Every structure is written in structure tokens, then in C-alpha cells.
Amino acid sequence: MSTRVVDVLVPVALDQAYSYRVPAGTELVPGDVVTVPLGNREALGVVWADNPNPNPRLHNRLKDIGDKLDVPPLKPELRQFVDWVSGYTLASRGMVLRMALRMGEHLGPARERAGVRLAGPPPQRMTPARARVLSLLGDGFVRAKGDAARESGVSAGVIDGLIDEGTLATVVLPPEPLTRPPDPDFRKPDFSLGQLAAADALRTTVAQGGYTVTLLDGVTGSGKTEVYFEAVAENIRRKRQTLILMPEIALTVGFLDRFSDRFGARPAEWHSQLQPRKRARTWAAVAANEVEAIVGARSALFLPYADLGLIIVDEEHDPAYKQEDGAHYHARDMAVVRGSIVKIAVVLASATPSVESEVNARRGRYRRIHLPERFGGAHLPQVEPIDLRREGPPRGRFISPRLAEAVQISLERKQQALLFLNRRGFAPLTLCRACGFRLQCPNCDAWLVDHRFKRRLICHHCGFNMPQPNECPKCHATESFAPVGPGVERLEQEAAELFPQARILVLSSDLVESVERLRAELDDVAQGRFDLVIGTQLVAKGHHFPKLNLVGIVDADLGLGNGDPRAAERTFQLLHQVVGRAGREEGRGVGLLQTHQPEHPVMRALILGDREAFYRNEIELRERTGYPPFGRLASLVISANERHAAESYGRSLVALAPKEETVRVLGPAEAPIAVVRGRHRFRLLVKSPRDFNLSNYLRHWLSAAPKPKGSLQLAVDIDPQSFF
Ligand code: ADP
Ligand code: ZN
């Protein structure tokens, strides 16, 4: 009898699965997670398929599978998804699988907890702290040690002392459940008529089952979350798992509470900042069907769901859904793919849908559910331009007189105002007034950004940082450095001078110490403990600040000039979202846009509140120029330690590109940021019609091309979102 051989995919940068022998007595099915010898180490892997006809010459040299892990096998739908994502993005199957195996090394039974209960006579020596513990536990119940200490306001040492004296006895408690089951009927909102119709439509979609994609298209403050919660409720009733994707952890902050207000229990969480043990438990609980709902960042798409029934992609237009290192994939698009493989409903929610989704809805490929009004009769903010060519701020200042006046009025009315500037730090550039020298990153083709709160100059590309030098490295002048341009920290300085009584908070991702801290700060804003918030895009999205009525956009033109084919779309979405923070409850919100080009189509659409005009314009332009979604794009970024090496490899690639009438290969061109981390960068842009299989084309092309050697690297990005 011949031994059984299986192909095992390991989570390293490889496409093919390796064959291993199954030791006698080991029961394995495809999808099982196993350990295998790989080179001279042991690796985790997944049985991908049986190999009925192993190469007889290699057969004797095959190694044996090690252990089988005690987790359910990865389902065929997840394995199919891994294959699909790899085929589409050109990331190796191993790299994609790696995202599905991010459970870390802490699998195994959850940790038991130590509990205490009252057991013996009172201690010899009584203290007020000890008395509090005894009175708490006097009810006879068992409590976890930590809870007993916290609830009686004593340190863990006090509890330990009482255990030593025999007053308390320890008890083993079962592990705390990861989540409690959500109750679909815990608190049902009173819906407006429009919301009710939308909620019904979504509920029906989920109840009918099968693969569907619905664009939940509702203006900011229309209650999209409340509405899609009804789809979630329906899915919970059907006892299937729900995944809610969020573009950033910052957004999950208030979301967990909203979810538990509606369902009486918090959802599980999945993101990069989870503690290793919690990560492992969450992974296992999702696989064991012990988690009903999970809210997560894009990587949650690769979890081993036991029975996924619904995917919600909140703020579906958000660029943060694109992963740009390792496997380059767009989580919104891959959510749709996963939905089609599992044959379930996918809901994309946004007030400013991506042009891709908007076109899909217009062409009937996606259903659209529309929420045209704000909840509770609140009005959409009124948006006005401030023309920086005529009514700009004084020299060296960034807040124009009209914006300052509006903030002043808001302060007098005891309302909140937000100044938005999508730039971290104090100033994006520092130069020497004596000789004009600019402080640059030694590793990148980028200026150092002055971060005064941290007292460092920081490169935003590689993280290099240093204190501000005492003298100019070039002309040796002292005290000659001047900041050029504003970041949020500089804006705060200006605002503090203009509005000395205002309570000001700066919110910027680099100032966020922890998710808990951010949670507290956002809550402070919502509770009205600040009068003026100065923030980057961290504050743009999703948050609900009831007292905020004025939004000032300090530099509306900031994102427009970077030559990115999505610049107009991004700017429209970002500014629309930020302005949409205003006037969500009482009063009419106002948005003021400081711009040099009030006649630009993006500014006009914002000012006139004419979303339709923006999409009409932009869709027409994309169609005319063959940009996505009317054509496909791929970008190849070549980098190397030497400029010449990167450029000549780029040229050799172009020379090898298969001839194809409808495909255009542009470049190699030096990337807009030509050096990052000491590596020189060139780009090729490949453009094809929509109905062309660009992934296959690239695969053929690159398999025939020489592999990058030495310091050369090639990164393939299908549907690129960033072009720096
Ligand atoms: P969107 O995501 O569309 O911007 P949200 O879902 O955040 O809107 O809703 C805006 C605010 O209105 C939230 O505070 C939400 O709780 C509230 N809200 C929306 N619909 C209702 C409703 N039917 N009943 C009570 N509050 C609602
Ligand atoms: Zn750098």
C-alpha cells in the first residue's frame, strides 16, 4: 500500500504547494492546518489538496507532515478565496494564505482565570481596605480576582494577603467568553419612513439569501449605520456570522458602543493592534462559530469564518481599504469577491461612493438603496468658498479673517468648530532664511516635517527623525530656520492666539498614543468638552459630534495638485465627509472652504451641494480617458539601491512586454518620490480596456522576464490607488 501524499501551502512568498507524506494513522482532510518541515525549520501550513500521483522519483525524498492543529479545517470557500486573490493581485498564494493564518502562536485553550470567594475567619489584622473586600464578597458570590480588587477599590496585593491568611479561597473560573451573543431585538430604533423602507429592503435582501451587492448610498447623518444594523439583525436571526469592515481602527472606537446599544453586546474586533492572545482567541472563535459579529480592518476578510452570512463595508470609498504592502489588494473589491464565492449579501455604505461603485450602481450591477435626508430633519451644511486670492489671511497666517470671524461667532454661541487640515506636524518644510537650504531626509526624496509637539523633524516616508539642528548644515548660520507652510500643530498656535479662551484639541494620527486614549478624546469632543477641534483626516470620517456646527477647510486645494488620476475624487470625498460633520443635530451647519480655485468642478459641486454634478463630470472624464472603472490599470514599481539599476531593469521589462494592441505600457518614469529609504524608484503604468484580463497578461509577461536580482525589487499593484 502506498503512502498518501498531500500538497501543503505554506505562508511564505511562494506560489506552489509542497508535497508531504501523511504518516500512517494521521487523518487529514484538505483545509487542515498542520506543521511541516520546511528547510531546516518547522512551518505552519494548510493541506491544499490530495496529490494522487506524486512524482515517483521524488516520492522517497518527501518529508512527513508534523502535527495537525486542533482547529477546524479552512473551508473550501476560504481556500478558493486565497487562490482568487492571489490570481488577481499576483501576490504569491503563500503570502495571501499568510493573511488567513494570522492567529499567532497562542492557539490552544483559553486561559482559565483565578477567582476568589469568602472561605475562612476574618483576618487577624483588619484594615479599611480588607474590610471593603470582605463586605463585597459577603454576598457569597465568586468573583474573578481582578474584579474583586477593582470593585472594592483595593490593590491585588490586598486580595493576595487575604488568601494567604485563609480568609479567601481561590477558585478556578472558566475563561471569559470573547463576546456575548448579540440580541437582534435588543433595542429597535424608531425609523423615519425613508429609513424604514431602506431597512426593509436590506432585511429582505439578507433574508432571501444568495449573492447580492447593495450600495447603501445615504447623505452624511442619514443613519446608514442604524439602517444596515437591520441587515445585521436579520443575519443574526438566521444564526449566521456578520463581518463589518471599517477602513481604520479610529472608526471602530465609537462603533463598538453603538453596536452594543443596538444589540446589547459588543462585537468581536479584529485589527493589527489586538493583543496576541486575544488575536488567537478571536481567530479560533470565528472558526468555531462562537462569534456572531466581528468588526474589523481589511485583514478581517481573511478570517476562517465558520458560516459567514453578510459582509458590510462601511465608508466603502475610503482609500485606507487598499493595502499597499505585502499583497496589494483592495478590501472593498475583495469583499465583493468573497461575497460572490460564499453567495451572500454584501452591503457597501457611503455618503460619497467610489466612482467604481457609483458606476456599478448606475449600470445595475449593484442595487442601490438611497437615504436622501438627514435623520431628524437636520439640514445638510451650507458650503461657502473663501477665495484665497482675494480674502486670504495675513502673511505667515493660515486662517482668513472671514473664517476667524465665523469661529469667533461659533465660540460665542457655545457651539463647536472644526478646522480641517490634512497635514500632520507643525510645518511640512523647514528652510534656512540665510541661504535657502531645505532640511531633507537623508534616505528619501522628501522634506523633513517639523513636529513641535515631539520636538523632532520627521520623515513621513521612512520615519527618520532628528532634533532641529542648531545651525544650518550649509551656511552655518544660527537661528536661521523658518517653518514653511502649515500643519495642524502650527494651526493650533495660530488659533490659540486668535481665540485665547477656546478649549482647543488637536487630533492627528501621530499624536494618538493608544486606541483607548483616542476613544476618550473623541468622546470628550462629542460631550462638548472642547470648543475648537483642529484635525487631519482622522476626524473626517464617521464620527458624530452633536455640537459641531462649523467646519473650516484650511486648504481645500491640498489634494488636487498631485497628478493622481483619483485626485478629484479623493478631494471631493474627503471634503464632503469633513463638511458633513457639521450640523448633524441642531442648527444649520456651515462649511467654509479656503481655496485658490473656487471655480474648480470639485469646489463647485461642494459649494452647490450638487453631488450629481461631481459624479457626472468625473464619470464622463474617466470614460473619455479610459481610466478606471472604464479601463484597467496596473502599476509596477521597481526599486534598487542604485538609480541606474532600477531604471535599466524597468527598460528591460518594457522591452519584454507582450505585444497586445489594446494594452499600453507607460514608462519607466522616475516615481514622484524618487527615493524612499535609500532606494531609487521607477514606475511603469500599464493600461488596458476593462474587459481585458490584465492579471493574466502581467503574469505571462513577468514569468518570461528576468527575476529581479541583488537589491532590485519589483512590486506589482493591480488597481493602484496611490501614485507617489
Ligand atoms: P451616517 O452614517 O449616515 O452619517 P449615522 O448612522 O451615524 O449616519 O446616524 C447619524 C446620527 O443619527 C447618529 O447619532 C444616529 O444614532 C442617529 N440616528 C439615525 N437614525 C436614527 C433613528 N432612526 N433613531 C434615532 N437616532 C437615529
Ligand atoms: Zn525618509
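All residue numbers refer to positions in the sequence shown, counting from 1. Each ligand, and each atom within it, is numbered from 1 in the order the structure gives. Quick caveat: nothing in here was measured; it's all calculated off a predicted structure.
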Handout entry: Aromatic plane relationship, H543 with F545 - under 30° parallel, 30 to 60° tilted, over 60° perpendicular
Key = parallel
Problem - Contact atoms of ligand 1, heavy-atom distance to T225 under 4.0 Å - result: 2 (O), 6 (O)
Exercise for the section: Give a yes or no on whether a salt bridge exists between K414 and D531, defined as a side-chain N under 4.0 angstrom from a carboxylate O. Expected result: no
Handout entry: Within-4.5 Å side-chain heavy-atom neighbours: F682 and R643
Key = yes
Problem - Side-chain donor-acceptor contact under 3.5 Å, R588 with H379 - result: no
Exercise for the section: Please determine if the Zn ion (ligand 2) has an N/O/S atom from C441 lying under 2.8 Å away. Expected result: yes
Practice task
For the pair F572 and F614, evaluate ring-ring contact (aromatic ring centres under 6.0 Å, His included) and give the outcome as yes or no after the intermediate values.
Solution key: CA-CA 8 Å; F572 176 77; F614 166 74; 4.1 Å; yes
Problem - Polar atom proximity, G221 to ligand 1 (N or O, under 3.5 Å) - result: yes
Handout entry: Contacting atoms of ligand 1, where contact means under 4.0 angstrom from a heavy atom of F191
Key = 23 (N)
Exercise for the section: Look at the N, O or S atoms of H460, main chain and side chain alike, and state whether any lies under 2.8 Å from the Zn ion (ligand 2). Expected result: no
Handout entry: Heavy-atom proximity to atom 15 (C) of ligand 1, best of H544, R374, R258
Key = R258
Exercise for the section: Could you tell me whether some N/O pair between Q195 and ligand 1 is separated by less than 3.5 angstrom? Expected result: yes
Problem - Whether G218 lies under 4.0 Å from ligand 1, heavy atom - result: no
Practice task
Using distance alone, determine whether F375 and ligand 1 share an N or O pair under 3.5 Å.
Solution key: no
Problem - ligand 1 contact by V219, heavy-atom criterion under 4.0 angstrom - result: yes
Handout entry: Under 3.5 Å side-chain donor-acceptor pair for Q721 and R570
Key = yes
Exercise for the section: Can you label the angle between the Y321 ring and the H330 ring as parallel, tilted or perpendicular, going by 30° and 60°? Expected result: tilted
Practice task
Within a distance under 4.0 Å of any heavy atom of D190, pick out the atoms of ligand 1 and give their elements.
Solution key: 22 (C), 23 (N), 24 (N)
Handout entry: Angular separation of C459 SG and C444 SG about the Zn ion (ligand 2), given to 10°
Key = 110°
Practice task
Evaluate the ring planes of F724 and H461, with Trp represented by its six-membered ring, and classify them as parallel (under 30°), tilted (30 to 60°) or perpendicular (over 60°).
Solution key: tilted
Problem - Numbered atoms and elements of ligand 1 in range of E226, under 4.0 angstrom, heavy atoms - result: 6 (O), 15 (C), 16 (O), 18 (N), 19 (C), 20 (N), 21 (C)
Practice task
Return yes when R584 approaches ligand 1 closer than 4.0 angstrom through a heavy atom, no otherwise.
Solution key: yes
Problem - Residue pair H451 / D510, side-chain donor-acceptor N/O under 3.5 Å - result: yes
Problem - S354-E316 side chain donor-acceptor pair, cut-off 3.5 Å - result: yes
Problem - Proximal atoms of ligand 1 relative to T220 (non-hydrogen, under 4.0 Å) - result: 4 (O)
